[in-house]
Amino acid sequence: MSRKPVPAQSGERSRVEVTFDKPQLLPQLFGEYDSNILALEERLGVYIHARGQRVVIEGSAEAVAHAREVLQELQARVIRGEDIDTGLIDAVIAMSSEPMFTGIVKADAPGGGPPPSIMIRTRKKTIVPRSVAQTHYMRELISNDMIFALGPAGTGKTYLAVAQAVAQLITGSVQRLILSRPAVEAGERLGFLPGDMKEKVDPYLRPIYDALYDCLPAEQVERRIASGEIEIAPIAFMRGRTLADAFVILDEAQNTTPAQMKMFLTRFGANSRMVICGDPKQVDLPGGPPASGLTDAIGRLDGVDGIAFSWFTAADVVRHPIVGRIVQAYEGPDA
């Protein structure tokens with residue numbers, strides 16, 4: 001490929017050559033019509049020229065070093081079987097900009113072996129973190145019994161929790177998945193919904209279904225729901241129960257009342273794990289500015305032994321990049 005060089009960013013101009021030892025993977029790394037390389041050039045302000053196994057990167061010294069690190073990380077992900085797209089490219093660029101990126105994502109393994117992979121394996125895919133916050137969150141999902149995942153939409157809070165729950169169900173670490181959320185409309189009044197109870201609440205629980213179908217074949221989801229291994233229900237159905245040997249997820253937790261949140265948290269049983277996902281800034285409870293059970297719980301439980309908090313910001317949004325910019329526009333630069 002040959003293109004006009006991208007003007008270098010500030011700093012002394014630099015040129016570095018990188019040789020890749022698996023040329024058969026370069027088409028996946030570069031993308032169709034070199035789309036991934038073009039994305040890197042645009043985002044990092046460098047010029048990238050490939051010939052065979054050799055890739056030459058030109059630009060400012062800082063940008064070239066950054067591009068080389070990102071390319072090498074992307075190659076490692078291709079080797080692990082991941083698909084490279086612009087969302088992953090943006091995530092790796094963001095992660096490599098963090099000062100703790102090397103320590104978190106490429107921590108030294110015992111005995112000098114390869115660095116450990118942070119991933120969740122399900123029947124349909126292997127899921128890896130796409131931001132530093134996701135890396136921290138995925139570790140919390142493994143090591144803590146109760147986790148609050150807090151931040152804006154599109155950061156992977158619920159999706160990663162469902163994926164971890166599915167992985168633990170597959171391995172037998174838990175016997176059941178219990179997935180819940182409050183049945184509160186997002187500023188709308190849907191009126192009377194026809195049908196049985198399942199048909200009435202399903203519209204509110206659709207995002208949880210979507211995550212499940214992304215991690216398990218459809219027939220397994222339906223079979224496990226029918227057998228009771230996977231239960232999807234509004235939060236009101238949790239009252240009076242003890243949830244043992246289960247992975248329990250509460251989504252849209254900002255739309256609970258303090259009483260509902262206390263009721264839900266105290267359902268926690270032996271050999272269980274509980275994840276509470278929500279955005280404290282996106283409360284849809286009706287009737288003015290009511291107290292959110294999520295905000296109340298954060299104030300009461302922060303610092304309590306055995307409870308972990310994973311915070312996400314607009315910078316961690318892993319949907320289309322414009323979603324992160326929209327969140328920042330609505331919530332301000334410090335969201």
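Quick caveat: nothing in here was measured; it's all calculated off a predicted structure. Residues take their numbers from the sequence shown, with the count starting at 1.
- Annotation: the span from Gln164 atom CD to Tyr159 atom OH amounts to 13.0 Å, rounded to 0.5 Å.
- In this pair, Phe20 and Phe30 present their aromatic rings perpendicular. The plane angle is above 60°, beyond the 30 to 60° band.
- Taken together through direct or relayed side-chain contacts under 4.5 Å among Ile, Leu, Val, Met, Phe, Trp and Tyr, Val248 and Ile142 form parts of separate hydrophobic clusters.
- In terms of heavy atoms, Ala246 sits closest to Ile178 at CB-CD1, 4.1 Å.
- Put simply, the side chain of Val64 does not reach to within 4.5 Å of the side chain of Arg15, judged on heavy atoms.
- Scanning all heavy atoms of the two residues, the minimum distance from Leu177 to Leu169 falls at CD1-CB, 3.3 Å.
- The backbone N or O of Val221 sits nowhere less than 3.5 Å from a side-chain atom of Tyr213 that would complete a donor-acceptor pair.
- With rounding to the nearest 0.5 Å, the separation of CD in Gln72 from CD in Glu69 is 8.0 Å.
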Discussion item. Please evaluate residues Met263 and Ile235 with respect to the criterion side chain to side chain contact (heavy atoms under 4.5 Å, CB included), reporting the C-alpha separation (whole Å), side-chain torsions for both, the decisive distance (0.1 Å), and the verdict.
Written reply: CA-CA 9 Å; Met263 178 274 293; Ile235 190 171; 4.0 Å; yes

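- Counting heavy atoms from C-beta outward, Leu216 and Ile170 have side chains that approach closer than 4.5 Å.
- For the pair Arg181 and Asn255, the minimum side-chain heavy-atom distance is 4.5 Å or more.
- Side-chain contact annotation: Glu252 with Gln254, donor-acceptor N/O pair under 3.5 Å present.
- By the 4.5 Å heavy-atom criterion applied to side chains, Val174 and Arg273 are not counted as neighbours.
- Taking every heavy atom of both residues into account, Ser180 and Ile208 meet most closely at O-CD1, 4.0 Å.
- Rounding to the nearest 0.5 angstrom, the gap separating the CG atom in Leu40 from the CD1 atom in Ile48 is 5.0 Å.
- Inter-residue side-chain proximity for Leu179 and Asp251 is flagged as unmet; no heavy-atom pair is nearer than 4.5 Å.
- Inspection of the Glu140 and His136 side chains reveals an N or O donor paired with an N or O acceptor under 3.5 Å.
- The minimum heavy-atom distance linking Ala163 with Thr122 is given by the pair O-CG2, 3.8 Å.
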Practice prompt. Apply side chain to side chain contact (heavy atoms under 4.5 Å, CB included) to the pair Met138 and Ile120, showing each step before the final yes or no.
Written response: CA-CA 8 Å; Met138 289 170 70; Ile120 300 171; 3.7 Å; yes

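- Closest approach of Met238 and Arg267 over heavy atoms only: O-CD, 3.2 Å.
- No side-chain donor-acceptor contact under 3.5 Å links Gln28 to the backbone of Leu25.
- Here CZ of Phe309 is found 10.5 Å from CG of Asn144. Values are rounded to the nearest 0.5 Å.
- Rounding to the nearest 0.5 Å places CD of Glu42 at 10.5 Å from CD1 of Ile89.
- With rounding to the nearest 0.5 angstrom, the CG atom of Asp34 is 10.0 Å from the CG atom of Leu29.
- In this structure, the side chain of Arg176 engages the main chain of Ala244 through a donor-acceptor pair within 3.5 Å.
- A 6.0 Å sphere centred on CZ of Arg241 holds more than 12 heavy atoms belonging to other residues, nucleotides or ligands.
- With a 4.5 Å cut-off on side-chain heavy atoms, Val275 and Leu160 do not count as touching.
- Residues Asp279 and Leu294 have side chains not in contact (no heavy-atom distance under 4.5 Å, counting atoms from C-beta outward).
- Using a 4.5 Å cut-off on side-chain heavy atoms (C-beta onward), Val55 and Leu26 make no contact.
- Pairing each heavy atom of Arg77 with each of Ile84, the nearest pair is CB-CD1, 4.4 Å.
- Hydrophobic clustering keeps Val56 apart from Leu71 (ILVMFWY residues linked when any side-chain heavy atoms are closer than 4.5 Å, directly or through intermediates).
- Here the side chain of Ser272 pairs no donor or acceptor atom with the backbone of Phe247 at under 3.5 angstrom.
- Hydrophobic clustering of Ile, Leu, Val, Met, Phe, Trp and Tyr side chains at less than 4.5 Å, counting indirect connections, unites Leu250 with Trp311.
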Practice prompt. Could you please spell out the steps behind the side chain to side chain contact (heavy atoms under 4.5 Å, CB included) verdict for Met261 and Ile276?
Written response: CA-CA 10 Å; Met261 179 62 77; Ile276 299 93; 3.9 Å; yes

Worksheet entry | Verdict with reasoning, Lys262 to Asp296, per side chain to side chain contact (heavy atoms under 4.5 Å, CB included) | CA-CA 10 Å; Lys262 178 184 177 183; Asp296 181 67; over 6 Å; no

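- In this structure, Gln282 places its CD atom where only 12 or fewer heavy-atom neighbours from other residues, nucleotides or ligands lie under 6.0 Å away.
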